[in-house]
Colleague: 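Take a look at the following structure, please.
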Amino acid sequence: MDLLHGEVVRQIDRYRKAKGEPPTSMQAIYDYLHEKQIDEAKGVKEYQSMYRNV
């Protein structure tokens, strides 16, 4: 997941260097999906923690 996130960030940085700020709609979609993935990652880490403590 970290590798994919890093690649998305690189793509956005390339876009910003070439064309400026991304369109508002593109940024809104990224922000929404990013928050969703953060929440899912928290859940995975909680499950992993519970498994390790058994």
Side-chain angles (χ1 to χ4, degrees):
M1 189 181 318
D2 289 335
L3 292 173
L4 290 173
H5 180 262
E7 182 58 30
V8 169
V9 169
R10 280 189 291 281
Q11 292 293 327
I12 292 171
D13 288 341
R14 282 188 210 140
Y15 186 94
R16 282 188 173 128
K17 288 177 184 174
K19 300 178 183 180
E21 287 299 310
T24 305
S25 58
M26 182 188 298
Q27 188 65 46
I29 291 169
Y30 169 78
D31 291 341
Y32 169 75
L33 293 174
H34 189 247
E35 279 297 316
K36 188 175 174 181
Q37 291 300 318
I38 288 172
D39 290 342
E40 288 183 26
K42 284 180 188 176
V44 168
K45 289 181 187 234
E46 288 175 9
Y47 282 126
Q48 289 174 335
S49 176
M50 290 183 339
Y51 178 76
R52 287 185 195 125
N53 292 329
V54 172

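Heavy-atom basis, side chains included; hydrogens, waters and symmetry copies ignored.
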Colleague: Other residues, nucleotides and ligands only: do more than 12 of their heavy atoms fall within 6.0 Å of CG on Asp31?
Modeller: yes

Colleague: Apply side-chain contact (heavy atoms from CB on, under 4.5 Å) to the pair Lys36 and Glu40, showing each step before the final yes or no.
Modeller: CA-CA 6 Å; Lys36 188 175 174 181; Glu40 288 183 26; 3.7 Å; yes

Colleague: Report the distance from atom NZ of Lys45 to atom CE of Met50, rounding to the nearest 0.5 Å.
Modeller: 15.0 Å

Colleague: Hey, what do you get for CD (Gln48) to CG (Asn53), rounding to the nearest 0.5 Å?
Modeller: 11.5 Å

Colleague: Testing the basics here: between Tyr15 and Pro22, what is the closest heavy-atom pair and its distance to 0.1 Å?
Modeller: CE2-CA, 3.4 Å

Colleague: Starting from Tyr47, can I reach Val44 by hopping between I/L/V/M/F/W/Y residues whose side chains sit under 4.5 Å apart?
Modeller: no

Colleague: Can Met26 be reached from Ile29 by stepping across I, L, V, M, F, W or Y side chains whose heavy atoms are under 4.5 Å apart?
Modeller: no

